[in-house]
Number of protein chains: 2
Amino acid sequence: MTSIKDVAKAAGVSTATVSRVLANNAPIKAETRERVLEAVAQLNYRPNLIARSLRAQKSAKIGLVVSDIRNPFFTAIGRAVEDAAYEQGYSVLMCNTDENPEKEELYLNLLHDENVAGVIFSPTQQFSAASHSYNAKMPFVIIDRAVESKETDMVLLDNVSAAYELTTHLLENGYRKLAGLFGDASTTGQERSRGFHKALKDYQLNPVAAHFISPRIKQGYDTTIALLEGTNRPDAIFTSNSLLTAGAFQALRDKKISVPNEVALVGFDETTWSELVDPPITVIAQPTEEIGRTATELLFQRIQEPSRSPKTVILKGTLLVKGSSKKK
Amino acid sequence: MTSIKDVAKAAGVSTATVSRVLANNAPIKAETRERVLEAVAQLNYRPNLIARSLRAQKSAKIGLVVSDIRNPFFTAIGRAVEDAAYEQGYSVLMCNTDENPEKEELYLNLLHDENVAGVIFSPTQQFSAASHSYNAKMPFVIIDRAVESKETDMVLLDNVSAAYELTTHLLENGYRKLAGLFGDASTTGQERSRGFHKALKDYQLNPVAAHFISPRIKQGYDTTIALLEGTNRPDAIFTSNSLLTAGAFQALRDKKISVPNEVALVGFDETTWSELVDPPITVIAQPTEEIGRTATELLFQRIQEPSRSPKTVILKGTLLVKGSSKKK
DNA sequence: GGCAAAAGTGTAAACGATTACATTATTTAT
DNA sequence: ATAAATAATGTAATCGTTTACACTTTTGCC
């Protein structure tokens with residue numbers, strides 16, 4: 001492998017000069033620079049990033065820690081983060097925690113040991129309490145799920161308002177017997193449940209049901225089946241994430257229930273399928289591209305200026321009204 | 001930061017001994033080992049992976065290079081790869097090429113410079129020719145798309161057979177005017193087109209149309225609209241990947257065409273939505289979990305034994321017959 | 001008991017870059 | 001013309017490990 005020494009020799013300069021040309025962090029005579037660059041091209045030299053990282057005590061990598069990249073929300077975030085990082089010459093280490101605090105800790109340690117410049121991170125609930133201890137170790141941006149610590153940069157959705165708006169939409173369209181399915185793995189589910197209840201309260205109603213369940217298609221399916229078979233069948237189902245929405249939709253279809261006439265269905269996240277199904281699903285679309293990009297930018301800012309005072313960016317969701325929530 | 005020196009001092013041994021205890025690659029007296037481990041725990045020492053990687057000239061990272069992680073096929077692969085890597089203590093660097101050969105080259109170089117142990121890689125067509133030159137640089141496993149070079153490990157689907165089976169299924173169900181939409185970015189599209197044509201030939205039929213287009217929802221939509229508005233309207237549409245399927249499905253719906261009675265629709269890849277829509281889509285399901293896992297295992301084998309003779313694993317797809325391809 | 005082999009440990013040289021410090025060459029100001 | 005300031009470059013230490021080599025101790029065998 002050709003190293004900086006080879007380049008130095010070929011260009012007739014010291015390794016220091018080569019380094020300075022390449023990192024361009026010092027004045028260099030134009031003629032020398034040219035000679036060095038020539039040698040670099042000639043030898044097809046590529047700096048060893050590991051060595052650079054070791055000596056400079058930093059790297060051009062960031063970590064992305066989410067529960068599961070297969071969740072369309074995180075897929076989109078992941079892509080946006082990767083794009084934003086790429087533009088700055090950074091690459092992204094992808095980590096799936098499966099909502100498992102142990103895996104989460106393992107990955108955070110790993111990222112730390114890998115000397116990543118920073119981490120974009122959607123934490124489990126258990127993590128929240130311990131967040132401050134990690135905070136010191138490396139730059140952090142929390143996405144999607146609030147943590148208690150106020151010392152952390154965050155990019156969040158205004159979940160309460162979004163859920164409130166979505167629920168109100170159901171109520172305005174005449175639905176009265178609402179059931180809510182909320183993911184139990186994150187603070188997101190809790191916040192959305194709060195908006196849900198708040199809207200109902202405005203109408204002086206109680207929910208028919210409100211379940212906190214594991215955010216998986218199967219759980220959404222099972223719970224919906226139970227609701228539909230129960231004595232007090234809801235006329236509208238509110239789901240707090242797209243996996244639950246998918247499960248609920250499947251259950252409604254299998255039970256041959258007409259949506260939205262018998263039962264309405266609403267949820268979060270615009271997915272490929274949410275408008276392909278019949279009827280298309282009314283959802284709160286999250287600005288995933290913007291979340292990912294903002295988080296990455298915030299992270300870069302913190303990397304540059306670690307003592308900068310923390311910023312929380314709260315973005316708004318967009319209500320997309322489709323066929324699943326308006327009686328004909 | 002506490003380093004190996006601190007541990008050595010605390011345990012009253014040399015750094016070499018500490019290293020040997022931690023990397024477990026030499027005989028150590030039990031008592032010494034214990035003292036070292038105690039010191040490690042005491043100081044909460046974590047080895048610096050960058051330094052290790054520099055000295056040992058290897059790392060516990062692998063690269064995953066695909067066109068777009070948002071494509072459900074690659075999402076699933078990515079997750080499977082990450083899981084398999086995790087089990088071996090490896091982490092995954094995620095790279096999206098957008099079918100852009102320049103981005104592809106940039107990322108491959110980056111991964112090389114990052115000293116990754118190997119790369120799992122779904123190449124663009126342009127890459128195929130140059131593949132051998134990269135082959136020498138680091139261990140490689142190609143997935144999804146064949147390259148010419150026979151010196152590379154590959155994990156592929158038997159695309160010709162799968163497409164043949166899918167097409168034959170349409171023909172057996174009485175469809176005769178078939179149109180094919182194939183992705184133009186990969187060899188996959190070509191192979192699937194071959195299976196498509198082969199099946200038609202067996203029935204002594206010609207396709208109504210066969211288009212190679214950019215693998216995006218929008219192109220699938222536009223092309224399908226054109227087909228439906230054309231003079232020779234097909235009675236069945238074959239799509240070579242899930243994005244084209246989604247586009248075609250949307251077009252059929254917007255044109256209010258009854259599926260499968262007026263026009264059938266079939267495609268590749270089982271997605272969340274493919275069985276949520278009405279009718280559910282008949283597809284060839286790829287064994288994504290197995291592809292990702294096999295690729296990762298192959299990669300580890302090659303990392304361990306670089307001179308091992310290359311292996312190509314060809315997996316079979318599974319035809320899932322749903323409502324979109326059987327006239328009632 | 002003696003000798004060879006194996007086990008256990010230490011010393012110091014890598015790995016390939018960056019950078020503090022020293023040094024020399026060139027401007028600039030007077 | 002000369003001192004002072006600045007630009008340009010080189011020397012060598014450094015980042016935190018692993019590991020070749022050397023050395024000492026223990027074990028096994030006849």
Side-chain angles (χ1 to χ4, degrees), chain A residues 1-40 43-61 89 109-110 112-117 137-138, chain B residues 1-40 43-61 89 109-110 112-117 137-138:
Chain A
M1 205 64 268
T2 87
S3 83
I4 199 171
K5 281 187 193 166
D6 305 314
V7 177
K9 195 178 295 173
V13 297
S14 73
T15 61
T17 301
V18 176
S19 172
R20 284 192 269 253
V21 169
L22 263 40
N24 61 282
N25 52 3
I28 291 285
K29 220 202 309 193
E31 191 236 332
T32 316
R33 152 169 287 118
E34 207 168 314
R35 264 216 326 283
V36 169
L37 291 177
E38 225 164 75
V40 166
L43 299 174
N44 203 10
Y45 166 73
R46 305 186 51 83
N48 181 315
L49 299 184
I50 300 291
R52 173 178 291 174
S53 176
L54 175 60
R55 168 63 225 228
Q57 298 289 46
K58 62 186 175 188
S59 78
K61 281 172 295 183
N109 283 330
L110 176 78
H112 173 256
D113 299 348
E114 280 282 359
N115 224 334
V116 295
K137 288 184 143 189
M138 49 189 168
Chain B
M1 207 65 266
T2 87
S3 82
I4 199 170
K5 282 187 191 164
D6 305 314
V7 177
K9 195 179 294 175
V13 297
S14 74
T15 61
T17 301
V18 177
S19 173
R20 285 193 268 252
V21 169
L22 264 40
N24 226 39
N25 52 2
I28 291 284
K29 217 195 320 185
E31 191 235 330
T32 316
R33 151 168 288 119
E34 207 169 313
R35 264 214 330 281
V36 169
L37 290 177
E38 224 164 75
V40 166
L43 299 174
N44 202 10
Y45 166 72
R46 306 186 49 84
N48 181 317
L49 298 184
I50 300 291
R52 173 178 291 174
S53 175
L54 176 60
R55 170 61 226 231
Q57 298 289 47
K58 62 186 175 187
S59 79
K61 281 171 295 182
N109 283 331
L110 177 78
H112 173 257
D113 299 347
E114 280 283 358
N115 224 334
V116 296
K137 288 185 142 189
M138 49 188 167

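Because only heavy atoms are used, hydrogens play no part in the values below, and waters and symmetry mates are left out as well, while side chains stay in. Per chain, numbering begins at 1; letters A, B, ... match sequence-line order.
- Proximity of a side-chain donor or acceptor of Ser59(A) to a complementary backbone N or O of Asn115(A) within less than 3.5 Å is detected.
- Counting only heavy atoms from C-beta outward, the side chains of Ser3(B) and Asn48(B) never approach each other to under 4.5 Å.
- Each of Thr15(A) and Thr32(A) has a nearest nucleotide on DNA chain D; the 5'-most of these lies closest to Thr32(A).
- Residue Thr17(B) places no side-chain N or O under 4.0 Å from the OP1 or OP2 atom of dT9(C).
- In this structure, Lys9(B) places its NZ atom 15 Å from P of dG10(C), rounding to the nearest Å.
- Heavy atoms of Ser3(A) sit under 4.0 angstrom from primed sugar atoms or phosphate atoms, though from no base atom.
- Proximity note for Ala56(A) (side chain, C-beta onward) versus dT19(D), dT18(C), dG16(C): the nearest is dT18(C).
- Candidate nucleotides dT17(D), dT11(D), dA7(C) were compared by shortest atom distance to the side chain of Ile4(B), and dT17(D) ranks first.
- Taking atom CG of residue Asp113(B) and atom P of nucleotide dA17(C), one finds them 10 Å apart after rounding to whole Å.
- Within 3.5 Å, no donor on the side chain of Arg55(B) pairs with an acceptor on the base of dT17(D), nor the reverse.
- In this structure, Leu43(B) and Val7(B) have side chains that are in contact, with non-hydrogen atoms separated by less than 4.5 Å.
- Nearest nucleotide to the Pro47(B) side chain, out of dA8(D), dT17(D), dT19(C): dT17(D).
- Closest approach to the Arg52(A) side chain among dA20(C), dA17(C), dG16(D) is made by dA17(C) (side chain taken as heavy atoms from C-beta onward).
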For the pair Leu54(B) and Ile50(B), evaluate side-chain contact (heavy atoms from CB on, under 4.5 Å) and give the outcome as yes or no after the intermediate values.
-> CA-CA 6 Å; Leu54(B) 176 60; Ile50(B) 300 291; 5.6 Å; no
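- The nearest whole Å value for the distance from the CD atom in Glu31(B) to the P atom in dT26(D) is 12 Å.
- Closest-nucleotide positions on DNA chain C for Lys29(A) and Ser19(A) were compared, and the one nearer the 5' end corresponds to Ser19(A).
- Put simply, CG on Leu43(B) is 15 Å from C1' on dG16(D), counting in whole angstrom units.
- Rounded to an integer number of Å, the gap from Lys58(B) NZ to dG16(C) P is 15 Å.
- The side-chain heavy atoms of Val21(A) and Leu37(A), taken from C-beta on, include a pair separated by under 4.5 Å.
- Within 4.0 Å of Val13(A), counting heavy atoms only, lie sugar-phosphate atoms of the nucleic acid but no base atom.
- In this structure, Asn115(B) atom CG and dG16(C) atom P are separated by 9 Å, rounded to whole Å.
- Heavy atoms from other residues, nucleotides or ligands lying under 6.0 Å from CD of Gln57(A) number more than 12.
- Separating the CD1 atom of Ile28(A) from the C1' atom of dA25(C) is a distance of 14 Å, rounded to the nearest angstrom.
- In this structure, Ile50(A) places its CD1 atom 13 Å from C1' of dC15(D), rounding to the nearest Å.
- Within the 4.0 angstrom heavy-atom criterion, base atoms lie near Leu54(A).
- Among the nucleotides dA7(C), dC15(D), dT11(D), the one closest to the side chain of Gln57(A) is dC15(D).
- Evaluation of atom-type donor-acceptor distances gives a pair under 3.5 Å for the side chain of Arg20(B) against the base of dG10(C).
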